[in-house]
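Written below as structure tokens is the structure these notes are about.
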Amino acid sequence: MQTQEASGKLERLRGQYPIFSYDSFAIEPDGSSLRLKFEYSAAPDLKFTTRVVLDDAPDNWRQIPAPVIENLVFHLGLIESFSYWKATCSPSIQINAGPLSAGQIVWWKDLLLHGMREFFYVNNIDFTAADFVTLTARDDRIADAYDQSPSNRSLIPIGGGRDSAFTARVFEQAGKPFGCMLLNPIPAARRVAASVGCDQPVIVQRTFDARLLELNQAGYLNGHTPFSAMLAFVSALCLVVHGYSNTVIANERSSDESNTVFLGKQINHQYSKSFAFEEKFDQYLQEHLVKHARYFSFVRPLYELQIGRAFARHPEMFGAIRSCNRNQKSDSWCGACPKCLSVFITSYPFVSSADLIRMFGSDLFERESSIPIIRQLAGLGEHKPFECVTTFDEAIASLHLCVAKRDREGKPLLPSLQYARESILPSDGSAALLADRILSDDDYRHRIPGEFEKLLRAAVQE
């Protein structure tokens, strides 16, 4: 149920700003850069501009038909609009920058209502009414998808974490033609790209309107947006501009598990990393954007625990990766957030203690402060942490394997691990069976194209 205060704020904002509009986009070539500008408004005095820049775009992008580029850029502006619409949660979204068919509008409303569910949960917003939000476009012409057959090259978005680093390393070692895409690259992303021989990655810079931060501080609505969906539309544009055939992401099976239930609906922080979104976007990409392209996750058949085991065979990359969102600016692991603990416990069974300490700065099991986070990961908190972390079952299985490793090595259990043995792990042996089941899981059905399935199987086999 909404609190009276939250309900009052929501109604005031929706009443004050009944219409949010995606007004226009502009394509501004600037030397070797492709500069994009998107404009939105919720009132005459509430306007936003966001900018995206593709650095070092090859000259031949100018030979691509203008309607193709315009369609891709228009769609990128659509997904960017979520970040501004959320400030007012206007009941009507008017799309004036370009056309959408009735079917496309249904697709976009579905993405908004699924991808924004964490935002609705955090702000206690009832989004379940049929008329909660309507989308209308200036006309219903269907833009043609780009029909030219692309070169057989894959574009791998690199964020600096373990999953995309593993994906890129496998492609490199197999001799598969690929490139890396970096969005607002942090040092870890640049290191990973360099470590797999990608010396000239596709660089995309994205800049928010500072007005949004001002509104957040003034008490307007704020919260999570489906970042990976935005990344998908950025990659679609980059496929065409830079000449690639596939966007190969690195979203594993754990992203399908929801965090909590709100108003009878599953709330998943990782919705736009889920298999459900992956399938929907792959189809939308081919129907409306780039006909012969594919969008899929190379590690979709795997759990985080399986990736942790496979990545342990690449110690040369341990120092390159960073997954901590809190310490991005300092290029380090904070060691005190769910993301750090998730990566730590799924690496611990397979990586030497010395390597782990070099990666994280210390053994995180030494800290009693890790216990509350471990409890959340294991399903003993109010809800699953709103970060990209393991499933509850994987956390239990990982903790069992961590305890078993210490026992096998004849080492005493560290404080957090001792707590896990006494207060989290079941005493009936079921955690061992759970770990065996997860590590031996071999369900690759309909998840990735056949040639890539063979590549992945070879990379994870014992």
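Residue S254 forms a side-chain hydrogen bond (donor to acceptor under 3.5 Å, both in side chains) with just one option from Q270, E394, K273, E304, and that option is E394.
In this structure, F233 and H75 have parallel ring planes: the angle between them is below the 30° cut-off, well short of the 60° mark. Relative ring orientation between W107 and F277 is described as tilted, the plane-to-plane angle lying within the 30° to 60° band. Below 30°, between 30° and 60°, or above 60°: for F386 and H269 the angle between ring planes is between 30° and 60°, a tilted geometry.
Using a cut-off of 4.0 Å between Lys/Arg side-chain N and Asp/Glu carboxylate O, R141 and D139 are scored as salt-bridged. At a threshold of 4.0 Å, the pair R300-E252 does not count as salt-bridged, since none of the basic side-chain nitrogens sits closer than that to a carboxylate oxygen. Looking at R206 and E80, a side-chain N of the basic residue comes within less than 4.0 Å of a carboxylate O on the acidic one, giving a salt bridge.
Once rounded to the nearest 0.5 Å, the distance linking CG of D23 with OH of Y40 reads 9.5 Å.
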Report, one line per pair, each donor and acceptor closer than 3.5 Å where one atom sits in a side chain of residues 44-62; sequence neighbours left out.
| unit_1 | atom_1 | unit_2 | atom_2 | d |
| --- | --- | --- | --- | --- |
| T50 | OG1 | Y84 | OH | 3.2 |
| T50 | OG1 | T207 | O | 2.8 |
| R62 | NH2 | G31 | O | 3.3 |

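Remark: S90 pairs with Y17, F20, W85, T88 by the side chain to side chain contact (heavy atoms under 4.5 Å, CB included) rule, at least two apart or across chains.
Without hydrogens or angle criteria, T167 side chain to D163 main chain gives a donor-acceptor distance under 3.5 Å. The main-chain N or O of S24 is never found under 3.5 Å from a side-chain atom of K37 such that the two would form a donor-acceptor pair. Proximity of a side-chain donor or acceptor of Q376 to a complementary backbone N or O of P338 within less than 3.5 Å is not detected. In this structure, the side chain of S245 engages the main chain of R153 through a donor-acceptor pair within 3.5 Å. A donor-acceptor contact shorter than 3.5 Å is absent between the side chain of R190 and the backbone of I186. For the pair R294 (side chain) and T247 (backbone), a donor-acceptor distance under 3.5 Å is absent.
Atom NZ of K265 has 12 or fewer neighbouring heavy atoms from other residues, nucleotides or ligands inside a 6.0 Å radius.
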Quick one, F171 with F452, criterion ring-ring contact (aromatic ring centres under 6.0 Å, His included). Give me CA distance, side-chain angles, the key distance, then yes/no. CA-CA 9 Å; F171 272 59; F452 296 97; 5.8 Å; yes
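Listed by first and then second residue, the side chain to side chain donor-acceptor pair (under 3.5 Å) pairs that reach into residues 222-234 are K86-N222, sequence neighbours excluded.
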